[in-house]
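Everything below concerns the one structure shown next.
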Number of protein chains: 2
Amino acid sequence: MTLEDVARSAGVSLATASRVLGGTARVREDLRERVLAAADRLSYIPNAHARALAGSSSQVVGVICHDVSDPYFAGIAGGVMRAAAAHGLLVMLASTFRDPAQEVAYLSMLRAQRARAILLIGSGFEDRAWERAMNAELEPYLRSGGRVAVVSRHRALKVDAVLPENRAGGAALARAMLDLGHRDFAVLSGPRTLTTVADRLAGFREALAEAGVELPDDRIVEESFTRDGGYAAATELIRRGVRATCLFAVTDVMAVGALAALRDHGLRVPQDVSLAGFDDIPIVRDLTPPLTTVALPLAEMGERVMALALRETRGSRARIERVGGEVILRPSTAPPRRP
Amino acid sequence: MTLEDVARSAGVSLATASRVLGGTARVREDLRERVLAAADRLSYIPNAHARALAGSSSQVVGVICHDVSDPYFAGIAGGVMRAAAAHGLLVMLASTFRDPAQEVAYLSMLRAQRARAILLIGSGFEDRAWERAMNAELEPYLRSGGRVAVVSRHRALKVDAVLPENRAGGAALARAMLDLGHRDFAVLSGPRTLTTVADRLAGFREALAEAGVELPDDRIVEESFTRDGGYAAATELIRRGVRATCLFAVTDVMAVGALAALRDHGLRVPQDVSLAGFDDIPIVRDLTPPLTTVALPLAEMGERVMALALRETRGSRARIERVGGEVILRPSTAPPRRP
DNA sequence: GCGCATTCTGAAAGCGCTTTCTGATACCGT
DNA sequence: ACGGTATCAGAAAGCGCTTTCAGAATGCGC
């Protein structure tokens, strides 16, 4: 079933049928209706490939994230899909499972698909080779008219970005904990080669330093960026006998694991130790105790990054939108027990 | 940068370059290398549209689900992506946000994209018009060689399917609760027009009936399929003064909301009331108390439905794979308090 | 050293669509 | 009633690739 069939069945030329279905130009009303009727009658489905090839448009945007099944990315992806739907776009979603090489590979595939825009969601890697490879893909893509926007990347790329207030959020959280009276901290960290982690940690540390509180390196445990990573990190801290009154997990997902580990070791939150996370994924308010965290408007971030990628932008420079960073105090943090 | 440029730069014909890059036929070693070198030198990126148009392959599979940001779908989507990556496929993911019309629209878009396979994830709707529209899209797609596989649909569609043991799981859960000594039940239900809900409910009810236990309709509260829906449903039950000793939320996500509602109303789980869910999304084991539920291997379901869609299948009939259904007893359920 | 079978390469025909470009038709003023 | 200007339909040229089809080059046996 091709356009030609439709045209023939409607008794008009191929060009006219194309104009009607594409809405490209004015066509006399009666012809228009005949074409539409024919298309309907034959249940014609246009071939997106032929369209893209001839026209060079493409109704597809590509999204690359670390892992869709992680609530953080799932939340952002939800926002992206909503925005895409509003524009009649299709989304190609790829999970790299945190493998830099996969990310480059997907980028290249999305280029081959002539995606109208490419969104990179989630932390970049501190890795020179990866960075070079990414830029080698991105730069020609941009030059060929592709649009790129990112969430949570470092500034190496000169593209539009939605930037969570990682550093400021970390700092705000630290101040909030200091205000509660805490002086002994420990951090459950993800891989520090991820910019997101580095930023959150840096902000947290700086705010502590400003208050004259040290955060020695042995108070930072580095584990994978998952629930089990959080569990392992908290367990390790306990094993080491670290006597902190407040734990900061750099993501909520890790905090969930940490909470389980603390409970399993007979520590009560917040009576024995306070625990805070980062992201405000939906579930954390339903934990027991509900988790103090730094809020990020996940779905909105997805919508905004999509909007950035779609905006007309001939010549204007990269736009940065900062979001979130507000501390949400919940019962998982409390003043430290008087010794 | 087209294949022609590569061919010219390598000093071979277009056809030869195509054969080398497509791996379609044997090409003399030295020519092969020259083509590869030229492609690399020019950082050639093939045009997937031209490829699909000429060849009729397509490296893309389409996935339609209700909502990626829901942990249930996110988990399955994770499995799908993993399987897709293993086959070098790209995934177009669409969220319908539970709108049947959207589902049909996406199906049509994916057809236009000539997706190699289309996966429908999640409950179907009990809606004749929708069913007709879906079949009208699906049938020609299948006839044109497209592959379709589903997770959790009813049998109206004659396609490969991964079917969670909704009915059997509901029944098994009911029996487990009966074994604990419960006789007074209430159900926090999602829209019963969704086949998934209907099946879980039916299984649950049947098993109760077999034990001579009634589940009157006023013990079933129907709310939206979300955390807040669960909260609302539990609140409504409390408002009505229903004195059940065991609550069954038809999805874990609803159970999360229900747990919050119960706590907010001063009811302890499981001392005052037992609560069970369905799906075993990752978070529920970290709730307080950890939630009894019926396990579904989400990621595996994603991988299997992808495998079904990809298998060679000239002529063979639709294959059904049943998964999950095992009751996981956790502390959210306990014997009822002796009155 | 010749003929034939066997690879392998190149020319060319599409795949289904968009978009000039050209030509036909209708409409306006005078 | 006529030339000139808008409108609008149709023919045809690609978009970048795959894949026949036919022909060139190679290898083999005798």
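We name chains A, B, ... by the order of the sequence lines, and we start the count at 1 in each one.
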Close residues, residues 26-46 of chain B, relative to DNA chain D [heavy-atom separation under 4.0 Å]
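The stretch gives B/Tyr44, B/Pro46 as the residues lying under 4.0 Å from the strand, ordered by number.
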Qualifying residues under ring pair (Phe, Tyr, Trp, His ring centres under 6.0 Å), relative to A/Tyr72, sequence neighbours excluded
none
Among all residues two or more places apart in sequence or in another chain, which pass the ring pair (Phe, Tyr, Trp, His ring centres under 6.0 Å) test with B/Phe225?
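Ring pair (Phe, Tyr, Trp, His ring centres under 6.0 Å) list for B/Phe225, sorted by chain: empty.
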With sequence neighbours left out, write down each residue that passes side-chain contact (heavy atoms from CB on, under 4.5 Å) with B/Ala85, or none if nothing qualifies.
A/Tyr106
Can you say whether a donor on the side chain of B/Arg19 sits under 3.5 Å from an acceptor on the base of C/dG10, or the other way round?
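Answer is yes: a donor-acceptor pair is held.
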Identify the residue among A/Asp160, A/Leu308, A/Val162, A/Leu163 that makes a side-chain contact (heavy atoms from CB on, under 4.5 Å) with A/Ile320.
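Result for side-chain contact (heavy atoms from CB on, under 4.5 Å) with A/Ile320: A/Leu163.
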d([atom1], [X]; [atom2], [N]) in whole Å:
X	N	atom1	atom2	value
B/Gln59	D/dC17	CD	C1'	14 Å
A/His49	D/dT18	NE2	C1'	14 Å
A/Leu21	C/dT18	CG	P	8 Å
A/Glu4	C/dT18	CD	P	13 Å
B/Arg114	D/dC17	CZ	C1'	17 Å

ring-ring contact (aromatic ring centres under 6.0 Å, His included) contacts in which one or both residues fall within residues 35-61 of chain A, not counting sequence neighbours:
A/His49-B/His49
Scan for ring-ring contact (aromatic ring centres under 6.0 Å, His included) pairs involving residues 12-43 of chain B, sequence neighbours excluded, and state none if there are none.
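Listed once each, the pairs would be none.
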Output all residues satisfying side chain to side chain donor-acceptor pair (under 3.5 Å) with [X], sequence neighbours left out; order by chain, then residue number.
X	answer
A/Thr193	none
A/Arg41	A/Ser9
B/Arg28	B/Asp30

Picking from D/dG10, D/dC17, C/dT18, which would you name as closest to the side chain of A/Arg51?
C/dT18
Quick check on the helix from C/dG1-D/dC30 to C/dT30-D/dA1: what's the angle between its two end axes, five base pairs per end, to the nearest 10°?
30°
Tell me, which pairs form a salt bridge (Lys or Arg N to Asp or Glu O under 4.0 Å) where one or both residues lie in residues 76-105 of chain B, sequence neighbours left out?
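Passing the test, one end in residues 76-105 of chain B: B/Asp70-B/Arg98, B/Glu103-B/Arg153.
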So, A/His66 versus A/Phe97, ring centres under 6.0 angstrom or not?
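Not under 6.0 Å, so no.
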If the cut-off is 4.0 Å, is B/Ser18 near the phosphate of D/dC17, judged by side-chain N/O to OP1 or OP2?
no
Check whether any side-chain N or O of B/Thr16 sits under 4.0 Å from OP1 or OP2 of C/dG10, and answer yes or no.
yes
Can you pull every protein N or O that's under 3.5 Å from an N or O on nucleotides 13-15 of chain D?
residue : atom : partner : partner atom : Å
D/dC15  : O2   : A/Ala54 : N            : 3.3

